[in-house]
Amino acid sequence: MKNNKHFSFELLKEDKKTHARAGILHTPHGDIETPIFMPVGTHSAVKMLTKHHLEETKAQIILSNSFHLFLHPGNKLIKEFGGLHKWMNWDKPILTDSGGFQVFSLAHLNNITEDGVKFKEPKTGDEYYINPEISMEIQQDLGPDIAMAFDQCAPYPCDYDNAVKAMERTHRWLERCFKAHTREDQALFPIVQGAFFDDLRQESAKVISTYDAVGYAIGGVSVGEPTELKNHLVELTAPLLPNDKPRYLMGVGTPIDLLEGVKRGVDMFDCVLPTRNARHGSFFTYEGRKIIKNKQFEKDPSPLDPNCDCYACQNHSKAYIRHLYRMGEATAAILLSIHNTRFLIKFIHDMRDSILEDRFEEFYNSHINILKKES
RNA sequence: GCGGGCAUCGCCAAGCGGUUAAGGCCUCGGAUUGUGGUUCCGAUACGCGUGGGUUCGAAUCCCACUGCCCGCC
């Protein structure tokens, strides 16, 4: 995977006062302007959004899941259709998660050994097995631009011994992932683990940095820990990863998380929150997260956020969307999903502009307090 | 006019003499971070149609009244 000619990362600007950066990641399916937010499309669909909606949010890359696609409809079927891009008719970049996280967070009765993980399919109870080689085979069948290493995510809280074991196993699995990964038109990102111990995180960052990868990820966060702890850990870890490569903070996050992450040198984020929150009736605004069912919006003729350019905000009032939500209309979830997804993408793109124009700190300060106050 | 039945939170409704009157819907709040696709959690009756009575104790038993429902004339 050395000097992969299908990928390159251009670091356009590094903020002078913080660790924020702006860049472009070139991939086989197009460029990604970083920092970037990636909507999550677990089952090869971003929930509630059609391709048309997704394009309107100006998503440049989306994430999908090996774990779920392996179970249904099976990576071999998607391979027969020419890979994920053709399968879902999405010609921009795609990143797939390895299945590591899902095996630990979703599958009940999982049984982990040095070789891999045996687990039961949540709904049917059927038994399956994934290890580093199988994860690589799945992801190479699916054919996303970026594949992720098969790692072991430690829970929070986690004692030191178990954190060490999970981290060391992740490193051994990483070696196997790189050996099994042969597709040159696909990048493989290694992942930092080490739970919430500074020395382990530092060690892990050092170990994965020895691999010549297109980009590097920080995993094992947003598993229930306090925000300050997550920020501390990112602040500690990000600078230890190669400066000339994109850094991906997995599973994050909220508007505040994006702001804090970018400030500490993170370039890529993904999170289920915009679409899950939408289905559960809440929406992002520059004044914090709000809940559409609240009575205060009963007669509110204004859009979800006055500064948003999304389809929902350009066409509908809070009162209307609240009514749809209360009636159980799927359109409410669709409109809120469009808004939340566009909100994060626009928010981080505005952040990028501020970095390019040397005013990131100003941007940070002008948003962080009001977001914190309202959230 | 006579006989019978019912009256418990905005709605439906359990309770049939004994601690703080179930539950559901609605309402109001809150959760959610590499997604188990309308989810999960919490709050809300100082009172059981009204007035008396029996009892140590009554939404629960008795009487009257009021309202609604069903028969009969």
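All chains are named by letter (A, B, ...) in the order of the sequence lines, taking the proteins before the strands, and each is independently numbered beginning at 1. Just so it is clear, the model here is predicted, and its values are computed rather than measured. Note that these values count all heavy atoms, side chains included, but never hydrogens, waters or copies made by symmetry.
- Residue A/Asp270 is classed as a sugar-phosphate contact, given heavy-atom separations below 4.0 Å to backbone atoms only.
- Taking atom P on both B/G57 and B/A22, the two are 23 Å apart, rounded to the nearest angstrom.
- Using a 5.5 Å limit on the distance between ring centres and a 30° limit on the angle between planes, the aromatic ring of A/His280 does not count as stacked on the six-membered base ring of B/U38.
- Between the side chain of A/Gln193 and the backbone N or O of A/Arg201, no donor-acceptor pair lies under 3.5 Å.
- For A/Tyr129, there are no ring-ring contact (aromatic ring centres under 6.0 Å, His included) partners, not counting sequence neighbours.
- Nucleotides B/G51 and B/G67, compared at atom C1', are 15 Å apart to the nearest Å.
- Ring pair A/Tyr320/A/Phe297: centre-to-centre distance not below 6.0 Å.
- Summarising the geometry, the separation between CG on A/Leu71 and P on B/G37 is reported as 13 Å, rounded to the nearest angstrom.
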Nucleotide N/O of nucleotides 26-29 of chain B paired with protein N/O under 3.5 Å:
residue : atom : partner  : partner atom : Å
B/U27   : OP1  : A/Arg326 : NH1          : 2.7
B/U27   : OP1  : A/Arg326 : NH2          : 2.7
B/C28   : OP1  : A/Arg322 : NH2          : 2.9
B/C28   : OP2  : A/Arg326 : NH1          : 3.3
B/G29   : OP2  : A/Asn294 : OD1          : 2.9
B/G29   : O6   : A/Lys293 : NZ           : 3.4

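- Within the hydrophobic cluster formed by Ile, Leu, Val, Met, Phe, Trp and Tyr side chains joined at under 4.5 Å, directly or through other members, A/Leu236 stands alone, with no partner residue.
- Following rounding to the nearest Å, A/Phe269 (CZ) and B/G34 (P) show an atom-to-atom distance of 14 Å.
- Salt bridge A/Lys76/A/Glu137: present, at least one basic N to carboxylate O contact under 4.0 Å.
- The interatomic distance linking A/Phe283 (CZ) with B/U32 (C1') rounds to 16 Å, in whole Å.
- Here the separation of B/U38 from B/C46, taken at their P atoms, is 36 Å to the nearest Å.
- If you take CG of A/Leu344 and P of B/G34, they are 12 Å apart, rounded to a whole angstrom.
- Taking atom C1' on both nucleotides, B/A45 is separated from B/A14 by 14 Å, rounded to a whole Å.
- Residue A/Cys271 has its side chain nearest to B/G34 when only B/G34, B/G37, B/A31 are considered.
- Within residues 144-161 of chain A, the residues approaching RNA chain B are A/Asp151, A/Cys153, by heavy-atom distance under 4.0 Å.
- Contacts of A/Glu225 with the nucleic acid, taken as non-hydrogen atoms under 4.0 Å apart, are absent.
- The same atom, P, is picked in B/A59 and in B/C68; the two are 27 Å apart, to the nearest Å.
- When the nearest nucleotides of RNA chain B are assigned to A/Val272 and A/Ala330 by heavy-atom distance, the more 5′-ward of the two goes with A/Val272.
- A donor-acceptor pair is defined here as one N or O able to donate and one able to accept, closer than 3.5 Å; no such pair exists between the side chain of A/Glu14 and the backbone of A/Ile355.
- When all heavy atoms of A/Ser337 and A/Met48 are compared, the closest pair comes out as OG-CB, 3.6 Å.
- On the C1' atoms, B/C61 is 10 Å away from B/C16, given to the nearest whole Å.
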Verify side chain to side chain donor-acceptor pair (under 3.5 Å) between A/Arg322 and A/Asn294, making sure each step is shown before the conclusion. CA-CA 8 Å; A/Arg322 175 178 189 267; A/Asn294 288 1; over 6 Å; no
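- No side-chain donor-acceptor contact under 3.5 Å links A/Asp145 to the backbone of A/Thr27.
- Atom P of nucleotide B/G34 and atom CE of A/Met250 are separated by 10 Å, given to the nearest angstrom.
- Atom CG in A/Leu324 sits roughly 18 Å away from atom P in B/U38 (whole-Å rounding).
- As rounded to whole Å, 18 Å separates atom P of B/U32 from atom NZ of A/Lys290.
- Contacts of A/Ile191 with the nucleic acid, taken as non-hydrogen atoms under 4.0 Å apart, include base atoms.
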Given pairs defined as Watson-Crick or G-U wobble with both distances under 3.5 Å, what dot-bracket annotation applies to RNA chain B, with ( ) intrastrand, [ ] crossing, | other strand and . unpaired? ((((((((.[[[..)..(....]]].(((((.......))))).....[[[[[..)....]]]]]))))))).
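- With respect to the salt-bridge test (charged N to carboxylate O, under 4.0 angstrom), the residues A/Asp350 and A/Lys346 qualify.
- A/Ser209 places a side-chain N or O within donor-acceptor distance of the main-chain N or O of A/Ala205, the cut-off being under 3.5 Å.
- With sequence neighbours left out, the ring-ring contact (aromatic ring centres under 6.0 Å, His included) criterion links A/His85 to A/His29.
- Here, B/G47 and B/G30 have their P atoms 29 Å apart, quoted to the whole Å.
- Surrounding NZ of A/Lys179 are at most 12 heavy atoms belonging to other residues, nucleotides or ligands under 6.0 Å away.
- Comparing B/C9 with B/G5, their P atoms sit 22 Å apart, to the nearest whole Å.
- Contacts of A/Gly220 with the nucleic acid, taken as non-hydrogen atoms under 4.0 Å apart, include base atoms.
- Put simply, A/Arg276 has no side-chain N or O that comes within less than 4.0 Å of OP1 or OP2 on B/U38.
- In this entry the distance linking CG of A/Leu336 with P of B/G37 reads 18 Å, nearest Å.
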